[in-house]
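Given the structure is predicted, the values throughout are model-derived calculations rather than measurements.
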Amino acid sequence: MALVVICGQPCSGKSTAALFLAEALKESESKQTVRIIDESSFHLDRNQSYANMNAEKNLRGVLRSEVDRSVSKDNIIIVDSLNSIKGYRYELWCLARGAGIRYCVLYCDAEETHCRKWNEERREKGEAAYDAEIFEDLVRRFERPDRRNRWDSPLFELWPHKDGIEKSSAAVSDAVSYLTKKVDSKTQDVKILQPTIATQSVRFSEANSLYELDRATQEVTNAIVEAQSQALGGPINGVSLGQGLPTVNISRSVGLPELRRLRRTFIKLTGQTSLSGPPPPSDADSAKRMFVDYLNRELGAT
């Protein structure tokens, strides 16, 4: 039914706003089904998730993939994360458009000094907080939402330091009204995004495919390492990955560095091929079959 993107500086009150919005939606007359997607949904540590650009990119890919799988015309999804990069907010907007649902951004507009103070207070209390260097880097790279951008509109703004955040806050109430209002031919103040031909024919995003590919190949690698450890250096007559999946045909010991190299090469080759040919596999089993075929060719040639 809708996708809500929570946006703001680190420690600006985004999670509080997400919880109050979810409660208000559940208590509304329409009794909406609401789900919050955030880092804690995947037990991810905020400092590790933003430790470097690769970690941050992986985090966005995981969240975006979960949003892609979850959006529908029957529920409201709230994405509670920094969502600080405008290009990433555009990608989330595209997912909403592809699903043919409503979309809005709830922005916690707080000054850096207040966010920095709140982060330090959390650290002193032993609560989850950002390391100082990571906090400063995130603050520096934050891209404010602009209601003139279609992916930042409609924009509902909260001012946590000045007004606090409550379930009755004007921005929360306005967002609930926008998300639950019944739409008919005369309604003009609520926009339901319309999917294009491209978004209808390709439901799996590239990020989702690469996420599945990364996870599936790691599971195959782990299975090989586990099988070799149980063999205690003895001969291995193939590694079974489960019913319906091919067997990894290896007859010699394959070290973890070699497996990691083969895995990186496979992911790189698959990504390059998808630029001019078929897209990467969008489900785990397909990815595992492709990776096993690749391993059997590479390991069989040595």
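- Residues G100 and I192 come closest through the heavy atom pair O-CG2, 3.5 Å.
- Residue C94 holds its SG atom at 9.5 Å from CG of L193, rounded to the nearest 0.5 Å.
- Using a 4.5 Å heavy-atom cutoff, the side chains of D74 and T33 are not in contact.
- Around the NZ atom of K167, the shell of radius 6.0 Å holds more than 12 heavy atoms that belong to other residues, nucleotides or ligands.
- Annotation: ring-ring contact (aromatic ring centres under 6.0 Å, His included) contacts of F42 (sequence neighbours excluded): none.
- With sequence neighbours excluded, the residues satisfying side chain to side chain donor-acceptor pair (under 3.5 Å) with S41 are D38.
- N296 contributes a side-chain N or O that, together with a main-chain N or O of T247, makes up a donor-acceptor pair within less than 3.5 Å.
- Atoms CG and CZ, on L262 and R260 in that order, are 12.5 Å from each other to the nearest 0.5 Å.
- Qualifying salt bridge (Lys or Arg N to Asp or Glu O under 4.0 Å) partners for R123, counting only residues two or more places apart in sequence or in other chains: none.
- Residues meeting the salt bridge (Lys or Arg N to Asp or Glu O under 4.0 Å) test with R289, sequence neighbours left out: none.
- Between R144 and D109, some side-chain heavy-atom pair lies under the 4.5 Å cut-off.
- Taking a cutoff of 4.0 Å between a charged side-chain nitrogen and a carboxylate oxygen, K117 and E120 do not qualify as a salt bridge.
- Atoms CZ and CG, on F156 and L179 in that order, are 6.5 Å from each other to the nearest 0.5 Å.
- When all heavy atoms of Y294 and L269 are compared, the closest pair comes out as CE1-CD1, 4.2 Å.
- Residues R147 and D152 form no side-chain contact, since every pair of their non-hydrogen atoms from C-beta on lies 4.5 Å or further apart.
- Separating the CG atom in L213 from the OG1 atom in T217 is a distance of 5.5 Å, to the nearest 0.5 Å.
- Scored by the ring-ring contact (aromatic ring centres under 6.0 Å, His included) test, Y107 finds no partners at all (sequence neighbours excluded).
- Formation of a donor-acceptor pair under 3.5 Å by the R263 side chain with backbone atoms of D214 is found in this model.
- Remark: E111 pairs with no residue by the salt bridge (Lys or Arg N to Asp or Glu O under 4.0 Å) rule, at least two apart or across chains.
- Across all non-hydrogen atoms, the minimal contact from C11 to R122 is SG-NH1, 3.5 Å.
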Result block: side-chain N/O donor-acceptor pairs under 3.5 angstrom for residues 53-62, not counting sequence neighbours:
{"residue": "E56", "atom": "OE1", "partner": "R141", "partner atom": "NH2", "Å": "2.6"}
{"residue": "E56", "atom": "OE2", "partner": "R60", "partner atom": "NH1", "Å": "2.9"}
{"residue": "E56", "atom": "OE2", "partner": "R141", "partner atom": "NH1", "Å": "3.4"}
{"residue": "N58", "atom": "ND2", "partner": "N54", "partner atom": "O", "Å": "3.3"}

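- Remark: the backbone N or O of W151 is not paired with any side-chain donor or acceptor of N149 at under 3.5 angstrom.
- Checked against salt bridge (Lys or Arg N to Asp or Glu O under 4.0 Å), K288 has the following partners two or more places apart in sequence or in another chain: E219.
- The minimum heavy-atom distance between K181 and R102, with the atom names listed, is O-NH2, 2.6 Å.
- S81 is linked by a side chain to side chain donor-acceptor pair (under 3.5 Å) to E39, Y50, counting only residues two or more places apart in sequence or in another chain.
- Nearest approach of L82 to K14, heavy atoms of both residues: CD2-NZ, 3.6 Å.
- When all heavy atoms of A223 and V239 are compared, the pair lying nearest together is O-CG1, 3.9 Å.
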Starting from the C-alpha separation in whole Å, work towards a yes-or-no answer on side-chain contact (heavy atoms from CB on, under 4.5 Å) for E298 and R261. CA-CA 11 Å; E298 293 297 312; R261 177 181 59 78; 6.0 Å; no

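- For the side chain to side chain donor-acceptor pair (under 3.5 Å) condition, no pair includes a residue of residues 169-178, sequence neighbours left out.
- Two residues are said to be in side-chain contact when any heavy atoms from C-beta on lie closer than 4.5 Å; R116 and E136 meet this criterion.
- Checked against ring-ring contact (aromatic ring centres under 6.0 Å, His included), W159 has no partners two or more places apart in sequence or in another chain.
- Remark: side-chain polar atoms of N47 are paired, donor with acceptor, to backbone N or O of D131 under 3.5 angstrom.
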Take E23 and K26, measure what salt bridge (charged side-chain N to carboxylate O under 4.0 Å, His left out) needs, and give me the verdict at the end. CA-CA 5 Å; E23 290 180 10; K26 292 175 183 177; over 6 Å; no

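- Atom CD of residue E143 and atom SG of residue C7 lie 9.5 Å apart, to the nearest 0.5 angstrom.
- Note that CD1 of I77 is 7.5 Å distant from CG of L3, once rounded to the nearest 0.5 Å.
- Between L63 and Y88, some side-chain heavy-atom pair lies under the 4.5 Å cut-off.
- Here the side chains of L299 and E258 are in contact, with some heavy-atom distance below 4.5 Å.
- Judged purely by atom type and a 3.5 angstrom limit, S49 has no side-chain atom pairing as donor or acceptor with the backbone of R46.
- Within the structure, the ring-ring contact (aromatic ring centres under 6.0 Å, His included) test picks out the following pairs touching residues 110-136 (sequence neighbours left out): H114-H161.
- Using modelled atom types and a 3.5 Å distance limit, the side chains of N222 and Q218 yield a donor-acceptor pair.
- The closest side-chain heavy-atom distance from L295 to V254 is not below 4.5 Å.
- Remark: E133 CD is loosely packed, at most 12 non-hydrogen atoms of other residues, nucleotides or ligands lying under 6.0 Å away.
- You'll find the side chain of T221 reaches within 4.5 Å of the side chain of L256, heavy atoms only.
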